[in-house]
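Bear in mind the structure is a predicted one, so any value in this text is a computation, not a measurement. Numbered from 1 within each chain, the chains take letters A, B, ... in sequence-line order.
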There are 2 protein chains.
Amino acid sequence: MTTLTRPAGSKANGGPENAASRRIAGYLREAILSGEIAPGERIRQEDVAERFGASRLPVREALRMIEAEGLIDSQTHKGAWVPRLSGHEVDVIYQMRERLEPLALAESLPHLTEDDLRRLEAIQERIEAGDGIGEFLALDREFHLLTYSGCPIDQLSSMVVRLWNSTQHYRRAFMHLTGPGRRWVINAEHRLLLDAIARRDAVDAERHLGGHIRRTRIELSAHPEVFEGTAR
Amino acid sequence: MTTLTRPAGSKANGGPENAASRRIAGYLREAILSGEIAPGERIRQEDVAERFGASRLPVREALRMIEAEGLIDSQTHKGAWVPRLSGHEVDVIYQMRERLEPLALAESLPHLTEDDLRRLEAIQERIEAGDGIGEFLALDREFHLLTYSGCPIDQLSSMVVRLWNSTQHYRRAFMHLTGPGRRWVINAEHRLLLDAIARRDAVDAERHLGGHIRRTRIELSAHPEVFEGTAR
DNA sequence: TCCGCTGTCATTGGATCCAATGCAGCATAG
DNA sequence: CTATGCTGCATTGGATCCAATGACAGCGGA
């Protein structure tokens with residue numbers, strides 16, 4: 001139904017095994033999201049192919065896919081690299097999230113199962129238990145994307161994932177710079193959001209979610225050092 | 001700076017000639033947008049390759065690109081086809097437009113030149129002169145995308161184009177079913193929008209644009225016959 | 001007559017080879 | 001010593017060949 005519970009951005013694929021290009025695209029996404037490949041870094045087709053024991057052909061297809069997702073830039077005969085984003089770009093992407101994600105949540109809400117709610121509760125408890133920064137980033141992402149997992153509109157789901165992916169690196173940089181402080185605010189917002197979702201109150205859920213993203217954006221914009229030397 | 005004035009969705013490419021895959025992707029976009037390839041129809045790699053006098057390889061890359069844009073669906077070993085959208089899907093896409101395009105306009109506004117304004121005026125005059133339906137569709141698209149052409153955020157620009165592309169076929173179907181009626185409403189809205197843009201009044205421009213898209217969406221939702229037999 | 005099986009064919013996926021381009025390093029002239 | 005042009009190499013783009021899969025028609029049995 002949606003891409004949200006899958007390798008992050010890949011189409012639902014009925015086939016027993018995904019085509020190599022899809023697996024490679026998934027790997028590249030993960031590598032960029034995790035910071036293994038950092039902004040500014042170049043991606044050589046041969047390296048990726050070698051890593052997968054495949055030829056360069058499916059790698060090229062994978063690169064075209066994630067290029068269309070905005071995860072890499074590429075130019076003819078000059079190769080592909082992970083783009084650096086400016087502070088303003090990330091700020092606008094957060095504004096896009098602020099406008100799109102409440103809509104995704106509203107579309108998702110009627111389709112969320114009781115089991116989804118239990119899983120959300122479990123994730124939130126693990127967030128509150130409070131492990132390391134890497135763990136928090138992953139759990140927070142999992143939490144929000146799960147709330148959108150019922151959204152039946154592919155265009156909307158995939159754009160939301162795309163926006164998360166584009167800013168993931170800067171979320172991590174932010175966390176590492178500022179430390180885990182203010183997490184209680186996030187937890188309080190998650191709790192309010194969770195409550196609204198459990199009541200299937202779309203209006204309330206949208207309002208809390210919008211505020212949540214908005215506050216994150218403002219907090220981020222107060223730390224321009226996250227983007228130092230990354231002007232495109 | 002942005003993709004809006006280019007073949008609709010392709011990255012800015014410094015190279016003297018675009019790679020074949022980009023040209024083919026551009027052609028496929030155009031073919032789908034113009035209705036030459038209709039929703040439900042399948043796309044065979046060999047056909048496209050033959051048409052370009054190229055091999056299937058760049059065609060496959062092009063298909064991956066426009067797949068990531070949501071213009072086609074594809075499954076391993078089963079091929080690619082233009083998806084049919086339900087009325088609800090198109091409705092939600094219009095809601096996404098309603099939320100994203102005012103943001104794109106606000107980001108674009110400070111960067112629009114006096115020459116852009118003159119071109120907008122000229123386009124609007126041609127719209128009011130009122131040619132055929134096909135002409136109107138193209139001009140209306142050109143008008144709006146030109147108002148966003150100053151937007152320096154690639155993610156935002158490309159998503160806006162993508163949303164236009166996804167619904168283009170249904171806009172045409174709608175026009176053909178209902179005729180050109182109510183065009184004076186559109187013209188009035190365009191004039192108000194143009195005025196706000198000329199005054200560089202972002203708040204006013206956003207409000208008029210949002211209302212414009214909203215009214216179009218509601219009008220469209222009143223004609224479910226546009227989507228008859230197109231349930232996915 | 002209808003259902004299931006099987007084999008053939010159309011179509012897509014992948015690998016290898018070759019061509020084209022861009023970049024870096026070096027040599028040379030001023 | 002510096003700047004400029006040339007040459008070689010690393011890397012990407014493209015074509016052709018082969019393998020794998022899925023759809024469909026034809027056949028046989030219940």
Side-chain angles (χ1 to χ4, degrees), chain A residues 6-7 9-29 31-32 37-38 40-69 71-83, chain B residues 6-7 9-29 31-32 37-38 40-69 71-83:
Chain A
R6 298 177 184 278
S10 68
K11 283 281 171 198
N13 188 335
E17 55 176 317
N18 282 339
S21 53
R22 294 180 204 278
R23 282 189 296 110
I24 295 174
Y27 157 76
L28 286 174
R29 274 187 213 101
I32 294 172
I37 310 178
E41 202 166 326
R42 186 164 168 209
I43 300 176
R44 285 180 52 254
Q45 299 178 358
E46 189 94 31
D47 291 347
V48 182
E50 196 170 337
R51 174 153 201 157
F52 272 82
S55 82
R56 276 173 36 224
L57 197 149
V59 175
R60 281 163 63 175
E61 287 181 288
L63 288 173
R64 298 300 182 210
M65 288 194 254
I66 65 174
E67 178 187 356
E69 294 170 20
L71 270 182
I72 59 171
D73 283 351
S74 101
Q75 272 189 336
T76 305
H77 281 295
K78 288 174 89 173
W81 63 92
V82 181
Chain B
R6 298 176 185 280
S10 68
K11 283 281 171 196
N13 189 337
E17 56 177 315
N18 282 338
S21 53
R22 294 180 204 277
R23 281 190 296 111
I24 295 175
Y27 157 75
L28 286 174
R29 273 187 214 101
I32 293 171
I37 310 178
E41 202 166 327
R42 185 165 169 208
I43 300 175
R44 286 180 49 256
Q45 299 178 358
E46 189 95 32
D47 290 348
V48 183
E50 196 169 337
R51 175 151 200 159
F52 273 82
S55 82
R56 277 173 35 224
L57 197 149
V59 175
R60 282 163 64 175
E61 288 181 287
L63 288 174
R64 297 301 181 211
M65 289 192 252
I66 64 174
E67 177 187 357
E69 294 170 20
L71 269 183
I72 60 170
D73 283 350
S74 102
Q75 272 188 336
T76 306
H77 281 295
K78 289 173 90 174
W81 62 94
V82 181

Asker: Go through C:dG14, D:dG22, C:dG22 for me and flag the one nearest to the A:A19 side chain.
Answerer: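 The answer is C:dG14, which lies nearest to the side chain.
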
Asker: Would you check, one step at a time, whether the test side-chain contact (heavy atoms from CB on, under 4.5 Å) holds for A:I72 with A:L28?
Answerer: CA-CA 10 Å; A:I72 59 171; A:L28 286 174; over 6 Å; no

Asker: B:K78 or A:K78: which one's nearest nucleotide on DNA chain C is closer to the 5' end?
Answerer: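 This one resolves to B:K78.
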
Asker: Quickly work out the A:H77 NE2 to C:dC18 P distance and round it to whole Å.
Answerer: 18 Å

Asker: Any side-chain N or O of B:Q45 below 4.0 angstrom from OP1/OP2 of C:dG13?
Answerer: yes

Asker: Tell me whether the OP1 or OP2 atom of C:dG22 has a side-chain N or O from A:R42 closer than 4.0 Å.
Answerer: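 Checking A:R42 against C:dG22: no side-chain N or O falls below 4.0 Å of OP1 or OP2.
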
Asker: To the closest 0.5 Å, what do you measure between CD1 (A:I43) and CD1 (A:I37)?
Answerer: 4.5 Å

Asker: Would you classify A:I43 as touching base, sugar-phosphate or nothing, given that sugar-phosphate means primed atoms plus P, OP1 and OP2, and contacts are heavy atoms under 4.0 Å?
Answerer: sugar-phosphate

Asker: Show the nearest heavy-atom pair for residues B:S74 and A:R22, with the distance to one decimal.
Answerer: OG-NH2, 3.0 Å

Asker: Which residues satisfy the side-chain contact (heavy atoms from CB on, under 4.5 Å) test with B:R56, sequence neighbours excluded?
Answerer: B:Q45, B:E46, B:A49, B:R60

Asker: Figure out the CD/P separation between B:E46 and C:dC9, and round it to whole Å.
Answerer: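 Atom-to-atom, B:E46 to C:dC9, this comes out as 17 Å.
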
Asker: Of all the heavy-atom pairs spanning A:A62 and A:S21, show the shortest one and how long it is.
Answerer: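 Heavy atoms only, the tightest pair is CB-O, 3.5 Å.
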
Asker: Run the salt-bridge test on B:E67 and B:R64 with the 4.0 Å N-O cut-off and return the result as yes or no.
Answerer: yes

Asker: Rounded to whole angstroms, how far apart are CZ on B:R44 and P on C:dC9?
Answerer: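 It is 17 Å, rounded to the nearest whole Å.
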
Asker: Any idea which heavy atoms bring B:L71 and B:P83 closest together, and the distance?
Answerer: O-CD, 3.2 Å

Asker: Would you say a side-chain N or O of B:R64 is under 4.0 Å from OP1 or OP2 of C:dT12?
Answerer: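 No, no such contact exists.
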
Asker: How many Å lie between CG on A:D47 and P on D:dT11, as a whole number?
Answerer: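 Computing the A:D47:CG to D:dT11:P distance gives 8 Å.
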
Asker: Name every residue in residues 50-62 of chain A that has at least one heavy atom under 4.0 Å from any atom of DNA chain D, in order of residue number, or write none if there are no such residues.
Answerer: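 Within this stretch, A:R56, A:R60 sit under 4.0 Å of the strand.
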
Asker: Measure from CD on B:Q75 to P on C:dG13 and round the result to the nearest Å.
Answerer: 11 Å

